[in-house]
There are 2 protein chains.
Amino acid sequence: MFTDEYFMKLALQEAVAALEKDEVPVGCIIVSNNRVIARSHNLTETLNDVTAHAEIQSITSAAGYLGGKYLIDCTLYVTLEPCVMCCGALNWAQISRVVIGARDEKRGFINKNLSLHPKTEVVTGILENESSQLLLDFFKSKR
Amino acid sequence: MFTDEYFMKLALQEAVAALEKDEVPVGCIIVSNNRVIARSHNLTETLNDVTAHAEIQSITSAAGYLGGKYLIDCTLYVTLEPCVMCCGALNWAQISRVVIGARDEKRGFINKNLSLHPKTEVVTGILENESSQLLLDFFKSKR
């Protein structure tokens with residue numbers, strides 16, 4: 001039951017919550033021992049804050065829950081490949097796994113030749129189509 | 001009077017405030033029209049949060065003050081070269097100038113071949129010795 005697809009669906013629900021606030025629809029959750037310990041979505045417009053990406057909020061939230069700043073034995077599910085800022089944050093957090101929906105060829109960390117922490121396993125392409133379709137529809141509606 | 005050295009001294013005061021909390025001593029301020037609109041220091045231990053770097057806090061704070069997420073006509077002074085996370089955040093903020101005290105050869109963005117926004121002017125080496133001495137003393141005391 002607790003597959004990567006299962007948890008990515010929860011991240012997608014967060015992305016939909018962002019969309020409903022007219023935010024770029026990116027959602028994220030952090031899971032520890034099959035338990036969701038943080039969930040968030042992009043709030044950069046609502047909060048007037050470029051740092052309010054879904055990942056940054058979830059990292060802060062999960063660390064608060066765990067009572068420690070390192071996200072050992074945690075998996076972050078995010079519907080869009082993290083940007084440079086979020087890649088840096090995930091590195092500091094030494095998170096165990098990062099599972100990515102859609103790739104972000106332009107602003108994602110992978111094409112910038114950045115990598116996550118050596119301890120971090122990265123998986124891409126989980127519910128990729130659903131994740132990118134949400135984004136495509138959003139940007140189309142803005143044109 | 002309002003030189004880069006003048007403002008970097010205020011950032012150094014913030015770094016000292018971090019030191020007094022046993023935090024890695026990095027301080028930061030953001031200036032708009034010669035007015036300090038944000039000041040902060042590293043709080044990663046105090047807040048148990050890897051994202052609580054001085055720059056991230058000041059970006060959030062300055063955007064709150066300005067009522068907009070882009071830090072146009074703003075200068076950020078920071079005593080240590082920003083890391084990948086903070087480089088990414090400064091990029092999103094499209095800040096006009098970044099003035100750096102000490103270089104961070106290992107974790108700073110410059111040696112990662114990352115750059116700030118094309119609109120951003122970068123100045124390094126302002127009160128470099130004072131900034132790095134604070135850090136050296138801190139890490140020496142930890143050994």
Side-chain angles (χ1 to χ4, degrees), chain A residues 23-24 26 28 30 38 40 42-72 74 76 81-95 104 106-117 119-120, chain B residues 23-24 26 28 30 38 40 42-72 74 76 81-95 104 106-117 119-120:
Chain A
E23 297 274 1
V24 176
V26 181
C28 169
I30 293 179
S40 56
N42 176 35
L43 284 175
T44 49
E45 297 302 322
T46 307
L47 298 179
N48 243 333
D49 185 353
V50 296
T51 75
H53 281 196
E55 299 95 311
I56 300 287
Q57 296 174 66
S58 269
I59 290 168
T60 299
S61 177
Y65 175 86
L66 295 170
K69 62 184 182 147
Y70 298 115
L71 304 182
I72 314 297
C74 289
L76 176 136
E81 180 186 333
C83 71
V84 171
M85 171 178 73
C86 294
C87 166
L90 289 164
N91 246 299
W92 286 118
Q94 301 185 20
I95 194 162
D104 186 347
K106 198 173 164 203
R107 294 184 176 278
F109 74 96
I110 297 174
N111 285 357
K112 309 269 182 200
N113 283 321
L114 291 170
S115 51
L116 293 179
H117 196 276
K119 288 181 190 164
T120 307
Chain B
E23 297 273 0
V24 176
V26 181
C28 169
I30 294 179
S40 56
N42 176 34
L43 284 175
T44 48
E45 297 301 323
T46 307
L47 298 179
N48 244 334
D49 184 353
V50 297
T51 75
H53 281 195
E55 300 94 312
I56 300 289
Q57 296 175 65
S58 270
I59 291 167
T60 299
S61 177
Y65 175 86
L66 294 170
K69 64 186 181 145
Y70 297 115
L71 304 182
I72 313 298
C74 289
L76 176 135
E81 180 185 334
C83 72
V84 171
M85 170 178 74
C86 294
C87 167
L90 289 164
N91 246 300
W92 286 118
Q94 302 185 19
I95 194 162
D104 187 347
K106 199 175 163 201
R107 296 185 175 278
F109 73 95
I110 297 175
N111 284 358
K112 309 269 183 201
N113 283 322
L114 291 170
S115 51
L116 294 180
H117 196 275
K119 287 181 190 165
T120 307

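Values below: every heavy atom of this structure, side chains too, minus hydrogens, waters and symmetry copies.
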### Summary
Turns out that what part of A:Q94 lies under 4.5 Å from chain B's heavy atoms comes down to neither

### Task
Output the option from A:T51, A:N91, A:L71, A:N48 having the highest count of non-hydrogen pairs under 4.5 Å with chain B.
A:N48

### Summary
Scored by heavy-atom pairs under 4.5 Å with chain B, the best of A:A63, A:A52, A:G68 is A:G68

### Query
Considering only heavy atoms from C-beta outward, does the side chain of B:N113 approach that of A:N113 to under 4.5 Å?
no

### Task
Only counting residues at least two apart or in another chain, list the ones meeting salt bridge (charged side-chain N to carboxylate O under 4.0 Å, His left out) with A:E81.
A:R103

### Contacting region of B:T60 [heavy-atom separation from chain A under 4.5 Å]
both

### Message
Quick check on the interface: out of A:C86, A:C87, A:C83, who has the most heavy-atom pairs with chain B under 4.5 Å?
### Response
A:C83

### Query
Which heavy atom in A:A89 sits nearest to a heavy atom in B:M85, and how many Å separate them?
CB-SD, 3.6 Å

### Any side-chain heavy-atom pair of B:I56 and A:I56 under 4.5 Å
no

### Under 4.5 Å from a heavy atom of chain A, the part of B:L114 involved
side chain

## Note on the structure
Answer key: most heavy-atom pairs under 4.5 Å with chain B among A:G67, A:A62, A:G64 is A:G67

### Summary
Whatever's closer than 4.5 Å to a heavy atom in chain B on A:L90 counts as neither

#### Entry: A:K69 versus B:D49, closest heavy-atom pair with distance
CB-N, 3.9 Å

